[in-house]
Amino acid sequence: MIDEQKNTVVLSKEILQEIDTWVEKYPPDQKQSAVLFALTLVQEKHGGWLTEALMDAVADYLGMPRVAVYEVATFYSMYDLKPVGRHKIHVCNNISCMLRNSDEVIQHLENKLDIKVGQTTADGKFTLKTAECLAACANAPMMQIDKTYYEDLTKEKIDKILEQFD
Amino acid sequence: MVTIEIDGKKIETESGKMIIEVADAHNIPIPRFCYHKKLSIAANCRMCLVEVEKSRKPLPACATPVADGMKVFTQSQQAIISQKAVMEFLLINHPLDCPICDQGGECELQDVSMGYGPDISRYTEEKRVVDDENLGSLISTDMTRCIQCTRCVRFGEEVAGFRELGATDRGENMQIGTYVKSGMRSEISGNIIDLCPVGALTSKPYRFTARAWELTQANSIAPHDCLGSHIYLHTRRQEVMRVVPKENEALNETWLSDRDRYSYAGLNHDRVDVPLINNNGIWQETDWSTALNTIVEKLRLVIEKSGAEQIAALASPSSTVEEFYLLQKLMRGLGSHNIDHRLKQCDFSDQTHASIYPHIDFPYADLENKEAILLIGSNIHSEQPLAAVRLRKAVLRGASAWVINPVDYDMHFPVKKSDITTALVEHTAKIAKALLEDKPADIPAGAEALLTTIHVDSGAKEIAHALKKANKAVVILGAIAEQHPQAATLRALAHTIGHLSGARIVIFTEGANSAGAWLAGAIPHREAAGKSVAKFGLTARESLEAKLKAYILFGIEPELDCANPHLALEALKNADFVVVMSAYKNKEMTKYADIILPITPFTETSGTFVNLSGIWQSFQGCVPPFSEARPGWKVLRVLGNFFDLPDFEYASSEQVSDELKALTETINLAKGYSWYFPKSLKESSHSLQRIAEWPIYRIDSLVRRSEPLQRSATLEPLGVRMNGKTAENLQLKANDMALVQQNDNEVNLPVIIDARIPDNVVGVAAGYAETAHLGDTFSEIIVKKA
Ligand code: SF4
Ligand code: FES
Ligand code: FES
């Protein structure tokens, strides 16, 4: 709006072009259908989390009420609204994983990284989060780091996996 | 049609209706929270569960369509068990502390839980607590009480077309709010208070000041726009505590604009309590008879020395019919036709061609069925907030809307195309010309000659054809068109367009009672009931330009209410004698007035407003006059007696309106506009043009004194508004102080960059003390760095 002295961001041409490829998949009066993708992309290109200004930019570009974008971004666990580390760990703690001791997985990660769920390590490397069922129940317990699934977790396996990241 | 049975009662009804609608129509109670007849169906609260024969589960009455032979039970064991279970769930997180909640006593949740709630809560775990939102000066929040029915969210999305509230987060953490800290900006935001079934959203100014059961309810008519919404005034111990809408499907539906809802907060500010008289520069209190005798004496002197034509009366367009009628009767009794209520206008050249009184010739509610809409010169959401809601409905039903405006106002509904230009006349003329080019059979004489120089473009053609093709089309002139220097030309063009395309014309007039003013004769060229006068009096504008000897001001603050406040103040300061009849005083008044008489606002007098459909809507006062103030009609009646004028014996305001009513019954009220065409379409153009609007909460003395409205985020901050390019040309930046100059008067105002404004135009609002010394609302202006 006109009077707000809010920080605004301008999305880069490349980002907008990429959003457009998604917008084109939907009827012209349903541009907002591209919102999930747009937010994912914008988050990825801006340090892994969404500021209010970024959400506003997406809303304005897709012609949606801004609050409708906040609704989406706060609803889904894959969007972060606070600064995050370079890598995001999502540990599933839904029923199948829980029966297969996901609690211990979380405990182990918390101890090892010296943070609690929802926090980021001091070196800015990892952010630890929990997630609802990520549809890999057959190989519970599991976690997702960035875009990769790691399944049948044990403490030793977790330690090895973490070493791969910098 | 289908036949269903509810609780054993056979009902025939249209198919497609939901059970709850049918039950409501037959007064069969079904509890509900999320369902509201004016909103879409969310079916998220489940309070309305009923038993339906052959269904294994209870069904939500709000989302289950009726079917032939359906048997519904609202009171069966299954229904009651389900409703009680839902109630128990809803009360898990809701605080059980009604005595400290503002909604207590008028809460849907409280009422329903009386019927369906358990006596004792079985829930011993922790309850959810939600942070409050700051939604601005009009709405208080207590979000822990929210039951997430989403009525407020749906209202913004569907009715207001301006979604500010949302449901963020999910599951147990879901919250209703704006997410970012911002006050509500919708012009009709207060309706969510009525919609909220619990105490989560309440009225900020009213909160904790009274209990529902202490209030007395009186019917009244909203006094700020020409719709005349039906309202209830809630009073306690002779004081108006709040205003709420009274449902009226034909006018305001279940809604009310924030302006009509919250203006009451200004009722008792700056009141004139006793008659005041200026004794050689010293203001003294006096009694009514001394004050009235002085007026008689002074005005007689003016008449003797200079003639009655040296007196003019200017009245607020929101005065009552009775006040207008008596004021003009007084003026004409004294021998002057100088009376007017069109203070914000400046072009009167077609006044003799005007219809008997401004009104629309179709049912107002039909606005929502229009198929093509052309809006000329109107910030409709600010001028007529609820009419804008009707237009939005029309657009959502498939109507196409076009806008010709000097500022790109947010319409809160999709517009086909907006022409943002100061050349309103030219753009409107193009559409008229496009219709002419279709070679219609019946062309009003003069139209062709006037439009010879106009070139049609494809945009104008599109609009012209759409208006013609639509079964129901409408051309709307708003306040900006009415206040435009070429207003008469715009009216002529709009009527031409209407005539050639079949579109109806709507003119949204100033204030609550412009229609009443025309009928009652508060115009210089016609007496009451349209009777023509031999020698016209002076219009509002002319009487100020003429710098007369005496003025009577009725319910106005001229420096805030006139098209050219500078001109008004000059004229008044120059006059020998100025009588002010007003409920409110201000500092400026004490500089030009000689006598100030306290009259009453609409809550303290009986009276009548005639709305845009021509409906006479009378109301009674609901609280006694403040201090020594008296209803305007009584003051005028007594003044008539003091002047020994004939036929001034009225015992009640009804007698006054009856007299006028009888007069209007002798004439053809439907007599319409007769063709008027100006000599040319020349439009004033300036190198730097001022556009002055009266902002939504600056239009009359009452709203200007409502402190919650003044602090509302809807009211845009005052400044000199321009787009980035204009600012660059003027070497100004946002927040710079600019020196704004109009006919030798100057003020300093902050620069506000506003992308809605076209190049070389600056927006400087009227209706503020800060701009009260500037000149014409639409004219040349100088802006430079201060
Ligand atoms: S604030 Fe009121 S109207 Fe809005 S969702 Fe909550 S309970 Fe419903
Ligand atoms: S429950 Fe963990 S992946 Fe399904
Ligand atoms: S009223 Fe039917 S589900 Fe809420």
Side-chain angles (χ1 to χ4, degrees), chain A residues 1-10 27-33 35-36 39 42-43 49-82 90 92-95 98 117-118 129-134, chain B residues 133 135 148 150 152-154 156-158 160-186 396 398 407-410 412 414 695 712-719 721-724 733-735 750-757 763:
Chain A
M1 260 324 258
I2 32 146
D3 296 315
E4 268 160 57
Q5 309 288 341
K6 250 203 206 160
N7 294 331
T8 52
V9 282
V10 182
D29 58 337
Q30 284 167 36
K31 269 164 88 177
Q32 73 269 27
S33 303
V35 67
L36 286 178
L39 286 175
V42 169
Q43 168 166 286
W49 67 289
L50 292 166
T51 60
E52 231 171 85
L54 286 169
M55 292 188 275
D56 290 349
V58 169
D60 296 352
Y61 189 68
L62 296 178
M64 299 168 69
R66 288 175 173 185
V67 68
V69 172
Y70 309 151
E71 286 177 335
V72 172
T74 53
F75 185 90
Y76 291 100
S77 58
M78 67 250 199
Y79 301 117
D80 281 286
L81 305 173
K82 283 190 305 231
H90 289 266
C92 171
N93 64 353
N94 216 175
I95 187 90
M98 189 191 275
V117 170
K129 297 175 79 179
T130 55
E132 301 305 326
C133 179
L134 291 169
Chain B
E133 288 266 328
L135 297 182
Q148 306 178 339
T150 69
C152 56
V153 177
R154 281 175 282 148
E157 163 122 14
E158 296 161 15
F162 189 20
R163 182 121 113 74
E164 299 175 274
L165 292 174
T168 53
D169 276 306
R170 67 183 148 138
E172 238 226 335
N173 298 323
M174 184 171 129
Q175 306 195 9
I176 301 292
T178 55
Y179 186 73
V180 290
K181 284 193 182 56
S182 64
M184 299 276 289
R185 273 202 307 261
S186 160
L396 294 186
V407 177
D408 194 5
Y409 300 112
D410 183 357
H412 308 182
S712 135
T714 315
L715 191 64
E716 294 171 348
L718 175 66
R721 294 173 176 271
M722 59 188 83
N723 68 23
K733 295 190 308 298
N735 300 323
V751 174
I752 299 174
I753 303 295
D754 190 334
R756 304 172 304 172
I757 296 182

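Being a predicted model, the structure only gives us computed values, none of them experimental. Order of the sequence lines sets the chain letters (A, B, ...), proteins ahead of strands, with each chain counted from 1.
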Next on the checklist: The criterion is salt bridge (charged side-chain N to carboxylate O under 4.0 Å, His left out); which residues satisfy it with A/Asp80, sequence neighbours excluded?
Outcome noted: A/Lys88, A/Lys129
Checklist entry - What distance separates B/Tyr179 OH from A/Arg66 CZ, expressed to the nearest 0.5 Å? => result 13.5 Å
Item to check | CD on A/Glu71 to CD1 on B/Ile176, rounded to 0.5 Å | outcome: 8.0 Å
Checklist entry - Checking heavy atoms, do the side chain of B/Glu164, its backbone, both or neither come under 4.5 Å from chain A? => result backbone
Checklist entry - Can B/Arg170 and A/Glu132 be counted as an ion pair, charged N to O under 4.0 angstrom? => result no
Checklist entry - Within a reach of under 6.0 Å around CD1 of A/Ile95, are more than 12 heavy atoms found that belong to other residues, nucleotides or ligands? => result no
Next on the checklist: Please find the pair of heavy atoms, one from A/Val67 and one from B/Thr178, that lie closest to each other, and give the distance.
Outcome noted: CG2-O, 4.0 Å
